[in-house]
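Everything below concerns the one structure shown next.
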Amino acid sequence: MICKYVFGKPIETGAVVADVAQCTQPLSLMQVEQGPAGVVLSCQMGPKDVVYGLGEQVRGINKRGFSYISYAIDGPIHTENRHSLYGGHNFLIVSRAQKQPFGIFVDNPGKVVFDVGEARMDRLEIQAGSDCVIYTIEEEGLKEVAKSFRRLVGQSYAAPKWAFGYQQSRWGYQNEADVRAVVDGYHGNGIPLDAVYLDIDYMDHYKDFTVDQEKFPDFAGFVGSMKARGVRLVPIIDAGVKIEKGYPVYEEGVANNYFCKDEDGTDFVGAVWPGKSHFPDVLNTAAREWFGGKYQWLMDQGIEGFWNDMNEPALFYSEKRLKQTMDEVLAMKDQNLDIHSYWQLIEKIDGLCNHPQDYKSFYHNKDGERICHDDVHNLYGFYMTKAAADAFCKIAPHKRTLLFSRSSYIGMHRYGGIWTGDNASWWSHLLLSIQQMPSLNMCGILYTGSDIGGFGNDTTQDLLLRWLEFGIFTPLMRNHAAADTREQEAYHFDRIEDFRNIIRIRYGLLPYLYSEFMKAVLNDEMYFRPLAFDFPDDAHAAKVEDQLMVGESIMIAPVYTQNATGRYVYLPQDMLMVCMKSLEGRQCQVMEKGHHYVDIALNEVVFFVRKGHMLPLAVLDSGLTSTADMEDCEYEWIGYTDNAAEYILYDDDGMTTDYTPRSEWKKTVRTKEELAWG
């Protein structure tokens with residue numbers, strides 16, 4: 001049951017697509033107070049209650065014990081004291097002992113604060129703002145609550161099948177030679193590769209929808225030559241448009257009033273990579289159509305995928321704040337800076353970036369309505385991505401184009417995926433990635449993954465291997481690193497065969513992973529789930545923070561600690577443990593329900609198959625280079641059953657948006673004797 005409550009004069013966000021009538025009965029699941037701070041929702045939490053959700057946030061799967069602020073921020077240091085990350089995903093599911101679970105969605109694109117037991121351990125409090133819509137969902141189980149929410153906000157985006165292959169990125173690929181070297185490095189070592197990403201270096205002086213002609217003299221030809229090798233190029237698009245006379249995107253935006261405005265009505269000026277920039281007013285329909293149309297130039301060059309970045313939007317500084325700060329710093333030039341004044345100086349400089357007051361100083365024209373950006377801050381990444389997705393429907397109708405974003409809000413999942421932003425090469429960030437996946441899936445964001453190996457800092461061989469062993473299961477499997485960090489392409493490390501084997505295992509599992517992803521899309525389900533969603537009556541399952549269900553057949557328990565040669569695993573039922581050091585070589589062992597210590601070598605992928613279930617494993621040619629080589633491949637079947645198991649395999653052409661299966665969904669039944677067990 002879904003109930004809708006309206007407070008004040010909320011802004012239409014586009015998050016919800018279902019038609020839900022306003023509830024006439026008072027909200028009963030939480031207490032409601034209205035005051036100067038707006039609407040405050042609260043309820044008591046029992047000692048065994050678990051709180052799930054909030055999409056992209058820090059800390060564990062169970063969100064209890066901390067407060068989270070839904071206010072998208074360009075914050076690359078993802079430590080556990082962070083209250084905000086790149087998105088605004090205002091959906092929670094509360095699992096209550098001896099009671100039905102319930103979900104709550106706060107549809108407010110401004111700042112929303114979720115205190116999940118930080119101020120008081122037994123109290124959930126949500127500061128929802130003065131103008132908001134509240135949706136509550138009551139269902140029998142956790143999976144049912146999540147499914148009802150997904151139906152409320154609409155079907156999730158599906159990426160093209162090639163975007164489920166292994167992908168390589170780095171800030172710093174400068175030219176054709178750099179990209180060609182990456183492809184040669186992978187293919188020359190027998191490692192499959194489906195995409196190479198172009199970060200800001202490919203642009204002409206960081207200008208959107210341009211290509212540096214010296215670095216890429218025949219861009220369309222180069223894109224075509226890479227695709228002939230099975231590799232797509234995926235360029236970045238940033239939110240800021242460089243202020244430069246003669247640059248058509250800038251001049252068209254100014255001439256047609258397509259940019260966000262300052263308080264005085266002039267175009268707002270903030271700085272990102274190219275320096276001073278304007279920001280497309282993506283909440284305005286005409287401006288959004290104009291900006292989205294700009295993607296066509298790159299698509300005409302053969303590009304089939306994009307990643308949108310810096311779209312919180314990130315601000316290095318605003319023009320006004322830079323002037324004010326420089327005046328204040330110069331005034332301190334001849335002072336004797338003691339401990340207090342020194343830190344004041346540092347705070348002035350650090351405060352230039354993403355200053356809260358800057359977000360309150362510019363405005364949108366939302367189709368005739370002037371709205372302060374601060375009130376709709378969390379919508380910017382959503383509508384920048386919607387601009388592109390809407391354009392793709394016109395430019396390449398019925399074709400799937402890869403699209404994902406750094407910033408997002410509930411509802412953007414219909415247009416693209418996300419990656420989890422600028423993480424670091426820390427073991428704690430590998431665990432964070434594991435814990436973020438089901439929370440994002442609850443909010444509808446299915447095509448997602450983290451920067452494998454970590455974006456910032458220098459990765460290590462063992463960290464990259466362990467991250468790959470988890471990344472095998474994430475829909476977006478992209479290795480991405482920052483400039484001036486260690487080269488972390490897989491072929492740069494010792495024992496290349498370990499990397500080759502692990503990445504090939506990903507391709508072997510693709511029929512299952514793609515099938516389960518598409519089932520989740522088409523049936524409004526979760527691809528990643530906490531154990532408690534599948535085993536609600538198991539008290540231990542709700543306590544597990546580092547194991548996930550993947551689709552209907554698999555449970556994973558990744559290793560995420562340095563120097564570990566194994567880990568403790570909880571099995572909520574008897575399962576088949578599958579250990580793979582290569583696609584061709586594997587060992588299987590039936591394990592009983594309960595707690596186990598499992599040895600897992602550094603070069604080993606381990607997963608668990610549920611009893612009564614099975615999954616397909618592609619038989620790959622030794623010369624496989626990309627997903628393009630997997631047409632009509634044969635399958636082996638791995639499963640665990642006392643008699644027979646069945647699996648419904650979904651497959652389609654992987655390119656069109658009508659999701660027409662190649663044939664009717666294929667139900668496969670295998671007896672115990674027909675299944676591959678080792």
Let me see the working for His480 and Asp199 under side chain to side chain contact (heavy atoms under 4.5 Å, CB included), right down to the final yes or no. CA-CA 10 Å; His480 183 41; Asp199 212 314; 3.6 Å; yes
query: What's the verdict on ring-ring contact (aromatic ring centres under 6.0 Å, His included) for Phe164 and Phe517, showing C-alpha distance, side-chain angles and the deciding distance?
result: CA-CA 10 Å; Phe164 290 79; Phe517 177 89; 4.9 Å; yes
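Under a 3.5 Å cut-off, the side chain of Ser553 and the backbone N or O of Met614 do form a donor-acceptor pair. Proximity of a side-chain donor or acceptor of Gln435 to a complementary backbone N or O of Glu545 within less than 3.5 Å is detected. Checked by atom type and distance alone, the side chain of Ser156 never pairs as donor or acceptor with a backbone atom of Arg414 at under 3.5 Å. Between the Glu674 side chain and the Thr671 main chain, a donor and an acceptor come within less than 3.5 Å of each other. No donor-acceptor distance shorter than 3.5 angstrom exists from the side chain of Gln174 to the backbone of Lys215, with no hydrogens or angles considered. Between the side chain of Tyr514 and the backbone N or O of Pro475, no donor-acceptor pair lies under 3.5 Å. In this structure, the side chain of Asp498 does not engage the main chain of Ile502 through any donor-acceptor pair within 3.5 Å. Proximity of a side-chain donor or acceptor of Lys581 to a complementary backbone N or O of Ala601 within less than 3.5 Å is not detected. Judged by distance alone, with hydrogens and angles left aside, the side-chain atoms of Asp538 form a donor-acceptor pair with the main-chain N or O of Ala541 at under 3.5 Å. Judged by distance alone, with hydrogens and angles left aside, the side-chain atoms of Arg504 form no donor-acceptor pair with the main-chain N or O of Pro192 at under 3.5 Å.
Note: Tyr507 and Tyr166 fail the aromatic proximity criterion, with ring centroids not under 6.0 Å apart. Between Tyr197 and Trp307, the distance from one ring center to the other falls under 6.0 angstrom. Between Tyr560 and Phe470, the ring centre distance reaches or exceeds 6.0 Å. Here the two rings, on Tyr157 and Tyr415, have centers that are 6.0 Å apart or farther. With ring centers used as reference points, Phe499 lies 6.0 Å or more from Tyr491. Taking the ring centroids of His613 and Phe608, they lie at or beyond the 6.0 Å cut-off.
Using the six-membered ring where Trp is involved, Phe222 and Phe216 have ring planes that are tilted, between 30° and 60° apart. Taking the six-membered ring where the residue is Trp, Tyr570 and His540 present tilted rings, their angle falling between 30° and 60°. In this pair, His429 and Trp426 present their aromatic rings tilted. The plane angle is within the 30 to 60° band. Ring geometry for Tyr447 versus Phe404: interplanar angle of 30 to 60°, hence tilted.
Considering only heavy atoms from C-beta on, Leu465 stays 4.5 Å or farther from Trp467 through its side chain. In this structure, the side chains of Met518 and Tyr659 come closer than 4.5 Å at one or more pairs of heavy atoms. Considering only heavy atoms from C-beta on, Asp574 comes within 4.5 Å of Tyr640 through its side chain. Looking at Met549 and Phe533, their side chains never come closer than 4.5 Å, going by heavy atoms from C-beta outward.
Annotation: cation-pi pair Lys519/Tyr512 absent, no NZ/CZ under 6.0 Å from the ring centroid and within 45° of its normal.
Just one of Asp599, Asp546, Thr561 meets the side chain to side chain donor-acceptor pair (under 3.5 Å) condition when paired with Arg567; it is Asp546. Among the candidates Met477, Gln167, Gln168, the single residue satisfying the side chain to side chain contact (heavy atoms under 4.5 Å, CB included) test with Ile452 is Met477. Of the candidates Asp194, Val179, Val196, Val196 is the only one forming a side chain to side chain contact (heavy atoms under 4.5 Å, CB included) with Val231.
Contact detail for Ala388 and Asn308: the closest heavy-atom pair is CB-ND2, 4.5 Å. In plain terms, the two heavy atoms of Thr641 and Leu675 that are nearest each other are CG2-CD1, 3.8 Å. Gln488 approaches Ser425 most closely through the heavy-atom pair OE1-OG, 4.2 Å. Here the closest non-hydrogen pair linking Gly551 and Arg529 is O-NH2, 2.6 Å. Between Ile200 and Ile236, the closest heavy-atom pair is N-CG2, 3.7 Å. Of all heavy-atom pairs spanning Glu56 and Gly87, the tightest one is OE1-N, 3.4 Å.
The pair Arg500-Glu497 fails the salt-bridge criterion, with no side-chain N (NZ, NE, NH1 or NH2) lying under 4.0 Å from an Asp/Glu carboxylate O. Under 4.0 Å is where a charged nitrogen must lie from a carboxylate oxygen, and between Arg170 and Asp178 no such pair does.
For Val619, the side chain to side chain contact (heavy atoms under 4.5 Å, CB included) partners two or more places apart in sequence, or in a different chain, are Glu636. Applying the salt bridge (Lys or Arg N to Asp or Glu O under 4.0 Å) test to Lys147 and every residue at least two apart in sequence or in another chain returns Glu525.
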